[in-house]
Amino acid sequence: MTIEPPTTAPLPGSVEAPVLEARGVTKRFAGVTALRSVDFAVRPGESLALMGENGAGKSTLIKVLTGVYQPDEGELLLGGSIAKFARPLDAQRAGISTIYQEVNLIPLMSVAQNIFLGREPRNRFGLIDFTKMVADARGLLDVYGIDVDVRKPLRSLALGVQQMVALARSVSINARIVIMDEPTSSLEAREVETLFSVVSLLREQGIAIVYVSHRMDEIYRVAERIVILRDGAVVRVGQLSDIPRVELVSLMLGRSVEKVRRSGSTAFSATNASTAPPVLVAEDLSRRHQIDGVDMQIRPGEVVGLGGLLGSGRSETLKAIAGVMQLDRGRVTVDGKPVRSGSVPAAIRAGIVMLPEDRKAEGIVPNLSVRDNIVLAALPRLSHAGFSSRRNQDAVVEVFMKRLHIKASSPDQIVSELSGGNQQKVMIARWLAMRPKVLLLDEPTRGIDVGAKAEVQALIDELAREGLAIVLVSSEVEEVVEGSGRVIVLRDGSIETELQGADVDEEHLLAALAGVNE
Amino acid sequence: MTVAIEQSVKPAVDNRARRELIASVLQSYGAAVALVVLLVVGAFSFPTFLTFSNLSNILTQSSFPLIVAVGMTFVILTGGIDLSVGSMFALGGVLAAYGSSWGIVGAVVLPLVVCGMIGLFQGLLVAYGKMAPFIVTLAGLLAVRGLVLAVTNGGSTTPLIKNPAFTAVGQDGIFGIHWTVIVALVGVILGTLALSRTRAGQSIFAVGGSESASIFMGLPVARVKLSVYIVSGLCAGVAGALNAGYSSSGVPIVGVGLELSAISAVVIGGTLLVGGRGSLVGTLAGVLLLSVIQNMINQVGSLNSSVQAVVSGVFLAIVVVIQTVLSRSQRL
């Protein structure tokens with residue numbers, strides 16, 4: 001195996017034979033049709049967006065393209081001839097690489113080792129030539145303008161750089177098609193720019209890009225053509241320049257354009273702060289290097305946004321209130337009663353519950369059923385003398401499944417089979433079953449599709465109207481602004497300013513985040 | 001419009017990098033540092049400690065577990081575990097004794113082939129059968145011990161080594177260093193070379209570092225796993241055979257609990273039990289450390305071997321605690 005320079009192809013945009021094509025691909029799982037006769041093609045040097053709500057069949061399609069699944073009907077064509085991938089390695093060898101949002105490399109090994117794993121340069125004794133390996137790795141990354149010490153372990157690098165390393169690795173092997181599955185979801189803004197410039201470099205080299213993302217801004221920037229999937233079928237293929245955003249959303253959701261316009265893609269309404277005394281009072285929350293003297297008061301029925309850049313202490317503040325994080329200083333009271341700090345059970349007993357940012361790692365128990373996931377935290381409340389009655393559980397589960405419109409075949413369905421939005425609703429149901437007074441939400445709509453996002457946002461709104469006090473953290477300015485009646489802005493671990501009333505808009509928030517104050 | 005408001009804050013990164021570096025060095029060379037400290041303490045405490053005969057004795061006693069621990073390091077680096085090595089050690093000794101009727105070749109080849117085959121079988125179950133290494137090799141521990149007893153009339157027969165040349169390998173040496181020590185050290189050197197300078201070695205670290213990523217990168221994950229269990233079986237067999245040469249007979253009841261001391265030595269030597277990181281030099285230091293502790297307790301004289309087990313156990317616990325702390329500070 002040698003590293004060949006990628007072959008240069010005609011300029012992007014020229015009409016050319018597709019490098020990868022799917023014809024009539026159908027895939028069924030236990031009676032459910034996940035893909036219905038899907039056709040699509042991508043040409044060398046082209047960037048093709050793949051969009052659809054969760055459950056539209058995007059992931060299944062990607063898995064078929066990368067050899068994880070085999071199609072039940074239809075076929076894949078690679079460079080015009082039929083290709084069958086029995087396993088992911090076959091697809092890789094054929095030149096299809098996938099960049100996932102989680103980096104699939106070895107964190108403990110060095111950058112150079114990661115790039116050359118399995119094809120390390122060797123000297124004449126058959127031993128690995130580390131000098132050459134390091135030099136080659138450096139040369140490879142230089143092409144993409146990535147300047148790192150390639151001898152450092154991968155995990156010491158920022159996530160975005162790690163992703164570049166993964167990209168460099170796959171391209172240096174022989175990639176002709178790079179599939180990017182939500183590549184930017186954990187990147188910083190600056191890193192996203194680097195990724196985009198690498199994408200255009202790849203396209204100049206004639207590599208086809210299949211770009212999957214929920215972020216519409218990105219899709220319009222990166223891609224020229226789009227394939228929109230809904231319910232396992234292709235509903236539209238076309239030039240992105242011909243499809244306005246509203247139409248794109250309506251195609252994905254299967255709703256009329258007018259309706260989308262009216263409801264908007266985010267559906268919070270500004271909530272009215274009641275005049276009731278605050279239910280949650282946090283004073284002087286401090287922890288070395290993380291947060292310093294954060295105060296806040298939240299009234300019932302209020303949605304308070306917590307704005308701030310990554311590292312500003314917004315998630316840490318939530319964790320401090322929820323008892324997940326130990327505090328050096330400060331106290332939290334609910335209805336005037338102090339809550340023991342640093343104890344999750346104490347916080348829950350006091351009525352504070354938190355929806356964590358990373359629902360896969362910190363929230364959902366993927367192999368348990370919807371029912372078990374919902375009643376998990378409420379079990380102590382639903383049990384008598386250590387036994388929990390199934391009838392009590394079922395009652396609770398039924399109420400919340402209905403109320404939150406959780407789409408599952410039954411309460412017994414395994415939660416990992418649900419879409420991201422429905423998983424998030426299961427999480428919210430779990431905490432609502434605890435009858436909380438204060439709900440802390442960390443990125444409640446991250447990684448879920450537009451439709452589910454609107455539903456989750458509407459739900460948050462409704463819960464606030466019923467008198468729940470809600471603190472909302474989101475990295476999307478728009479979501480914070482539309483969702484909150486009041487926004488507390490953090491910077492470097494302490495409160496920068498608080499936006500109220502008419503000041504709660506994107507302009508003021510951005511100014512506050514940037515630290516520009518009148 | 002969606003504006004992602006993510007930007008990193010940079011201070012304290014350098015500080016953390018330095019802390020992580022220190023933690024990483026400590027984790028890799030901690031056992032060696034502790035070994036040196038103990039040697040110094042021993043030299044000042046016991047007049048007979050720092051003598052050539054005593055040190056040579058420590059080396060000889062360490063050589064057998066060291067060979068076993070070398071194989072164990074390969075397995076643990078992939079994130080696996082091999083509990084069968086104690087039984088394989090006994091089997092290797094008994095087979096070497098039986099095999100010695102066909103000369104030195106029989107004494108070497110018979111244990112190697114049989115232990116290698118058992119390692120292969122276990123490896124197949126783990127790598128291709130996707131069964132938990134703990135269970136597969138626990139079954140191996142029981143079954144192989146049973147096999148040893150079966151071929152020795154329930155452990156009542158102790159077959160003698162019939163080949164003087166093979167006994168010489170076990171008992172003689174050069175410049176006062178036993179051949180067994182040389183074999184063990186050659187094993188460490190070759191193993192280190194294989195781990196750090198060959199593709200196969202890099203794959204072992206990769207599989208232990210992240211199995212799913214290794215699969216995505218197209219590495220032969222199953223073959224890597226299979227091979228480490230074969231290596232471990234071979235190492236245990238060789239160590240058992242050499243031990244039989246050393247004691248002139250294949251004792252069926254040796255090696256009970258050897259798997260645990262081998263695992264302890266590997267972990268003390270800085271290899272992560274979850275795999276992906278570690279070294280044979282660390283394992284060497286770990287084995288020597290345990291032997292030196294044993295030797296020092298013997299030097300005191302008034303303490304018996306139970307005390308030694310307690311000390312080793314406490315020591316292991318301390319090491320594991322330190323390793324956990326160090327791993328956390330490196331965010332492993």
Side-chain angles (χ1 to χ4, degrees), chain A residues 88-89 92-93 98 100 102-109 113-114 116-120 122-123 125-130 153 155-156 158 166 169-170 173 184 186-192 215-218 266 289 307-312 474-480 492-493 506 509-510 513, chain B residues 1-18 20-21 24 27-28 77 79 190 192-224 271-272 274-278 327 330-332:
Chain A
L89 196 53
Q92 270 180 39
R93 293 216 169 114
T98 318
Y100 298 91
E102 310 92 33
V103 179
N104 270 299
L105 294 175
I106 319 288
L108 287 171
M109 299 180 87
Q113 280 175 315
N114 267 295
F116 288 103
L117 254 179
R119 54 197 183 100
E120 293 91 346
R122 291 186 286 196
N123 60 20
F125 305 112
L127 298 178
I128 295 172
D129 185 345
F130 277 104
R155 68 179 163 82
S156 66
R169 174 187 163 87
S170 57
I173 293 177
T184 58
S186 39
L187 297 194
E188 293 165 23
R190 187 163 34 86
E191 297 175 325
V192 173
R215 297 187 179 169
M216 256 184 252
D217 285 340
E218 282 174 15
T266 48
H289 296 316
L309 302 173
L310 200 68
S312 61
S474 170
S475 56
E476 289 179 18
V477 169
E478 179 197 30
E479 187 165 279
V480 175
D492 297 339
E506 292 193 22
L509 180 52
L510 285 172
L513 291 175
Chain B
M1 228 216 290
T2 304
V3 186
I5 46 175
E6 316 251 315
Q7 234 155 60
S8 77
V9 254
K10 265 234 155 150
V13 165
D14 286 346
N15 235 335
R16 191 165 60 202
R18 197 173 321 122
E20 283 186 22
L21 182 71
S24 137
Q27 187 147 40
S28 308
L77 278 177
L190 287 182
T192 301
L193 202 61
L195 282 177
S196 59
R197 297 296 299 271
T198 68
R199 286 184 181 173
Q202 297 287 294
S203 308
I204 288 175
F205 283 103
V207 169
S210 169
E211 194 176 328
S212 60
S214 301
I215 294 171
F216 275 110
M217 287 199 247
L219 296 179
V221 174
R223 222 182 317 144
V224 168
T271 298
L272 292 182
V274 291
R277 179 184 190 142
S327 298
Q330 298 171 77
R331 295 172 303 163
L332 288 184

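Proteins come first, then strands; the chains are lettered A, B, ... in the order of their sequence lines, and each starts at number 1.
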Chemist: With heavy-atom distances below 4.5 Å as the criterion, would you say the side chains of B:Ser210 and A:Leu105 are in contact?
Modeler: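 With C-beta onward as the side chain, the pair stays apart.
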
Chemist: Quick one: closest heavy-atom pair of A:Ile128 and B:Gln202, and the distance?
Modeler: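 So the two residues come closest at CD1-CG, 3.3 Å.
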
Chemist: Which bit of A:Asn123 comes within less than 4.5 Å of chain B, counting heavy atoms only: side chain, backbone, both or neither?
Modeler: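 Only the side chain of A:Asn123 comes within 4.5 Å of chain B.
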
Chemist: Check side-chain contact (heavy atoms from CB on, under 4.5 Å) between A:Arg122 and all other residues, then give those that pass, not counting sequence neighbours.
Modeler: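 A:Arg122: side-chain contact (heavy atoms from CB on, under 4.5 Å) contacts with B:Arg199.
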
Chemist: Check side-chain contact (heavy atoms from CB on, under 4.5 Å) between B:Ser214 and all other residues, then give those that pass, not counting sequence neighbours.
Modeler: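 If we apply the side-chain contact (heavy atoms from CB on, under 4.5 Å) test to B:Ser214, skipping adjacent residues, the hits are A:Ile106, B:Ala206, B:Val207, B:Leu219, B:Val221.
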
Chemist: Measure the shortest side-chain to side-chain distance between B:Arg197 and A:Phe130 over non-hydrogen atoms and say whether it is less than 4.5 angstrom.
Modeler: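 Touching, per the 4.5 Å side-chain cut-off.
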
Chemist: Quick one: what part of A:Gln92 sits under 4.5 Å from any heavy atom of chain B, side chain, backbone, both or neither?
Modeler: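 For A:Gln92, side-chain heavy atoms alone lie under 4.5 Å from chain B.
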
Chemist: In this structure, which one of A:Leu117, A:Ile173, A:Asn104 forms a side chain to side chain contact (heavy atoms under 4.5 Å, CB included) with B:Met217?
Modeler: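 Single side chain to side chain contact (heavy atoms under 4.5 Å, CB included) partner of B:Met217 among A:Leu117, A:Ile173, A:Asn104: A:Leu117.
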
Chemist: Only pairs of heavy atoms separated by less than 4.5 Å count here; which of B:Ser196, B:Ala194, B:Ser203 has the most with chain A?
Modeler: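 Counting heavy-atom pairs under 4.5 Å, the top option is B:Ser196.
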
